[in-house]
Amino acid sequence: MRVDGVHRRTIWLDPDGWAVGIIDQTRLPHDFVTTRLETVDAAAHAIRAMLVRGAPLIGATAAYGMALAMRADPSDAGLAAARAGLLATRPTAVNLRWALDAVCAALAPQPPHARAAVAYAKAAAICDEDAAICEAIGDQGLAVFQGAWDAKGGRGTLNILTHCNAGWLATVDWGTALAPVYKAHDAGLPVHVWVDETRPRNQGAGLTAWELGRHGVPHTVIVDNAGGHLMQRGLVDLCITGTDRTTANGDVCNKIGTYLKALAAHDNGVPFHVALPSPTIDWTLTGDPSAIPIEERDAAEVTDITGRTRDGRIETVTVTPAGSPAGNYAFDVTPARLVTSLITERGVCPATPEGLAGLFPERSAA
Ligand code: MRU
């Protein structure tokens with residue numbers, strides 16, 4: 001997507017041909033800063049500290065992390081250590097494991113001297129594939145939005161609620177849940193997005209609002225608890241979110257608070273769609289979704305909040321009383337029964353085992 005008229009991806013190979021460039025998302029929305037990753041440890045830190053985040057981008061960064069690792073130590077031991085270190089960075093998004101498995105499968109049969117080149121090529125392919133998949137999700141979702149617009153009589157505004165950031169910043173390009181928003185906006189559908197702020201890290205208020213604003217998409221930031229009220233008042237035509245891990249049954253694990261939004265949507269008869277690239281499907285999970293590891297992050301993300309002061313300084317302040325413990329559960333699972341449809345690069349399906357198997361017969365049979 002474009003930033004100040006320049007087409008950008010969230011991750012790229014530097015002109016020197018070996019270092020990896022990223023947008024430091026911890027600096028958004030107030031500063032647009034790019035940074036270079038030169039080592040596997042820097043890549044792991046970028047994922048862990050959320051300079052990059054969002055399930056597909058975590059996977060892409062890990063893939064380039066393997067390439068950086070292979071420059072330094074392409075031995076079998078180096079390969080295993082890099083994979084283990086990157087895998088341990090964040091537990092919930094399954095794209096991380098998917099990308100590492102894909103790179104390591106390409107590297108394992110290679111002699112050490114050939115591994116760095118193969119890893120760079122595989123990482124680049126994963127990035128290109130993610131951008132293509134997300135654009136296809138945009139086209140599939142556009143048809144869903146067009147249907148909602150027609151059902152509304154083609155009048156007024158199509159009001160869409162989203163949670164967290166599932167836009168191009170969360171992927172290599174286009175985004176998942178926001179790809180159909182961009183496609184619809186560009187096609188002339190009058191879309192307006194309710195943006196959940198998404199405490200504690202404010203990916204909605206900071207990242208989704210920034211993205212939408214740069215693209216000229218009308219939007220309104222709301223506190224996380226406002227969605228139910230808006231739905232009761234008929235001010236939301238549909239919800240759409242991303243997912244960090246989708247089970248083969250169609251349950252979706254996404255940013256904490258997604259489940260509550262799905263419950264409110266169900267109670268109010270508002271369609272609740274989930275957009276996902278196929279690498280987000282964990283085909284090994286066919287039963288109880290409580291097997292999905294739910295990341296628990298630093299309590300300081302809850303007790304403290306960072307923003308820009310009126311005189312332009314970035315500051316962190318504490319909002320809780322000294323000594324009050326805080327819990328920071330980063331994801332929750334929305335059961336498939338609350339999901340109206342899954343929007344994938346191959347098409348739109350019900351959130352059921354049969355729905356997913358119909359779109360991905362080769363994977364579901366594996
Ligand atoms: O903790 P984050 O910012 O990595 O969480 C991101 C999300 O929850 C997104 O909605 C998700 O990755 C799915 S779509 C890209």
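Both counts, for ligands and for their atoms, begin at 1 and track the order of listing.
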Asks: Answer yes or no: is there an ion pair linking Lys152 with Asp150, defined by an N-O contact shorter than 4.0 Å?
Replies: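 Salt bridge flag = no for Asp150 with Lys152.
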Asks: Looking at Arg8 and Asp173, is any side-chain nitrogen of the basic one under 4.0 Å from a carboxylate oxygen of the acidic one?
Replies: no
Asks: So if I only count non-hydrogen atoms and take anything under 4.0 Å from ligand 1, which residues does that give, chain by chain?
Replies: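 Within 4.0 Å of ligand 1, protein side: Met50, Arg53, Gly54, Ala55, Pro56, Arg90, Cys164, Asn165, Ala166, Ala170, Thr176, Gln203, Gly242, Thr243, Asp244, Asn254, Lys255, Phe331.
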Asks: Compute both the distance and the angle, then confirm whether Arg363 meets the cation-pi test with Trp98: under 6.0 Å from the six-membered ring centre, within 45 degrees of the axis.
Replies: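 Because its charged atom misses either the 6.0 Å distance or the 45° angle limit, Arg363 does not stack over Trp98.
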Asks: Once side-chain hydrogen bond (donor to acceptor under 3.5 Å, both in side chains) is applied, what residue pairs with a partner in residues 346-356 remain, sequence neighbours excluded?
Replies: Arg346-Glu362
Asks: Can Glu135 and Lys183 be counted as an ion pair, charged N to O under 4.0 angstrom?
Replies: yes
Asks: Fit a plane to each ring of Trp210 and Trp168, take the angle between them on a 0 to 90° scale, and name the class: parallel (under 30°), tilted (30 to 60°) or perpendicular (over 60°).
Replies: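 Taking Trp168 first and then Trp210, their aromatic rings sit tilted (interplane angle of 30° to 60°).
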